[in-house]
Amino acid sequence: MPLPHVPPTAGSLDVALFAGMAEAAGRRRVTLAWSGGTVADLRRRLAAACPEIAPLLERSAVARGDRYATDGEPIAAGDDVALIPPVSGG
Amino acid sequence: MPLPHVPPTAGSLDVALFAGMAEAAGRRRVTLAWSGGTVADLRRRLAAACPEIAPLLERSAVARGDRYATDGEPIAAGDDVALIPPVSGG
Amino acid sequence: MAHAVDHDPRVTLVTLDADPLDPAAVLAAVGARAAGGNVLFVGTVRDVTGDVATTRLEYEAHAPLARAELARLCGEAADRFDLVAVAVSHRLGVVEPGDASVAVAASAAHRREAFAAAEWLMERIKATVPIWKCDHAPDGGRSWVHGQASAERGP
Amino acid sequence: MAHAVDHDPRVTLVTLDADPLDPAAVLAAVGARAAGGNVLFVGTVRDVTGDVATTRLEYEAHAPLARAELARLCGEAADRFDLVAVAVSHRLGVVEPGDASVAVAASAAHRREAFAAAEWLMERIKATVPIWKCDHAPDGGRSWVHGQASAERGP
């Protein structure tokens with residue numbers, strides 16, 4: 001019996017990085033294969049895929065579009081998602 | 001024996017009035033014959049000489065030159081004295 | 001007319017006159033590279049206070065004492081709040097609705113001190129500086145404002 | 001770039017861009033005849049913080065979220081402090097020492113509300129709006145500032 005494979009309809013998710021997080025990752029976005037899940041799922045996936053951002057990730061909020069998202073909120077493939085590390089404006 | 005008379009060297013005191021106090025008195029200064037005394041003496045003399053300012057006088061400070069004066073402070077003839085009713089700048 | 005404030009270099013501007021008040025000049029007077037927080041307060045004449053319409057205000061002062069008090073309060077604010085610079089301008093004469101009657105500016109290394117200083121300074125100015133306002137009502141009535149006792153707040 | 005703030009007429013200006021910041025324009029945005037108290041805060045880049053010299057700061061933002069948050073905070077300030085008008089401008093890009101990185105202005109019938117609103121707004125902006133600063137030191141070193149956890153301050 002063949003192993004289950006990622007369905008071809010599974011999408012991807014671009015996650016935008018900023019400031020020290022972009023610097024730690026050496027890039028301004030991380031792209032994950034994404035078939036759906038919550039903000040909490042996304043945090044786990046990112047920590048595994050990108051260990052160099054894990055320390056800041058724990059102290060970061062997640063934004064979808066122009067709103068902050070709670071950990072239980074669902075994220076769909078193609079959503080406009082960003083990590084918001086501790087802010088320092090002013 | 002003749003009655004004591006005001007010595008000819010006794011001077012006078014000009015007291016400046018402002019705002020509602022000048023309006024109540026109908027003038028911007030009151031001139032008193034003055035041979036010396038404290039700020040408290042001055043308050044009594046002014047209340048008697050100018051009863052129309054007495055209500056505001058009770059709520060007023062006294063200034064000499066560019067400083068506020070305390071009630072025990074001596075005032076000499078010719079001093080630059082003003083009554084400072086409750087202020088309302090800003 | 002600017003008051004001589006040579007004695008305290010942190011007090012950069014003290015004016016009390018009948019010229020139109022320029023808030024930007026008061027803010028500019030406290031600009032300094034050592035300051036991170038700059039607060040400007042501008043008091044303007046409202047056209048309505050409660051239900052009472054005001055056509056204009058008129059300000060009068062014991063000018064020498066008022067300038068000395070303004071400078072003294074600025075210096076005290078600089079001490080209390082560790083200011084880099086502090087400035088104040090107050091109008092005399094007639095001030096129309098929408099125009100500024102007073103402006104204070106304070107700059108400090110951090111914003112909290114600048115906010116606290118500007119608010120403290122406005123409270124002290126309103127409580128102790130010998131300046132009086134006269135309300136001119138639309139019906140032609142005039143009334144000098146003598147709200148609270150100043151004797152208790154004396155020297 | 002001005003944010004569309006048509007939905008709340010009290011929020012008169014929200015900008016987040018790399019243009020030089022003009023504090024007088026932020027103050028002018030809250031001028032109103034119904035207001036007696038107008039407070040402007042201007043945050044400027046200090047040349048020295050503690051013992052550390054700064055040559056310049058660089059600001060980066062999640063711009064759409066930051067503009068939405070700035071507008072939302074302005075509306076919340078207007079509600080909380082009964083403001084007549086409120087405005088904010090924040091810089092992006094490189095800001096040199098002595099130049100303004102942020103300005104907020106609030107106007108209210110009375111000064112206490114205007115002071116409280118401007119101070120509250122600055123605290124909220126520094127705590128929740130997705131803007132980051134990078135310190136550029138004289139030796140060429142750069143460091144992004146991520147002081148406190150923002151996750152706890154989230155939505």
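Quick note on labels: first sequence line is chain A, next is B, and so on, each numbered from 1.
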Between [X] and [Y], which heavy-atom pair has the shortest distance, and what is it?
X: B:Gly90; Y: C:Ser101; value: O-OG, 3.3 Å
X: B:Ala19; Y: C:Trp144; value: CB-CE3, 3.5 Å
X: B:Ala63; Y: C:Leu65; value: CB-CD2, 3.4 Å
X: C:Pro130; Y: B:Ile84; value: CB-CG2, 3.8 Å
X: C:Gly147; Y: B:Pro86; value: N-CB, 4.3 Å
X: B:Tyr68; Y: C:Thr128; value: OH-O, 2.6 Å

Interatomic distance, CH2@C:Trp132 vs CE@B:Met21, rounded to 0.5 Å, equals 9.5 Å

Q. To the nearest 0.5 Å, how far apart are CG in B:Asp80 and NE2 in C:His62?
A.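 Going from the CG atom of B:Asp80 to the NE2 atom of C:His62 covers 5.5 Å.
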
Sorted by chain and number, sequence neighbours left out, salt bridge (charged side-chain N to carboxylate O under 4.0 Å, His left out) with C:Glu60 holds for B:Arg28

Honestly, the part of C:Val129 sitting under 4.5 Å from a heavy atom of chain B is backbone

When the 4.5 angstrom heavy-atom criterion is applied to C:Ala66 and chain B, the contacting part is neither

All ring-ring contact (aromatic ring centres under 6.0 Å, His included) counterparts of C:Tyr59, not counting sequence neighbours: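 In terms of ring-ring contact (aromatic ring centres under 6.0 Å, His included), with neighbours along the sequence ignored, C:Tyr59 is linked to C:His90.
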
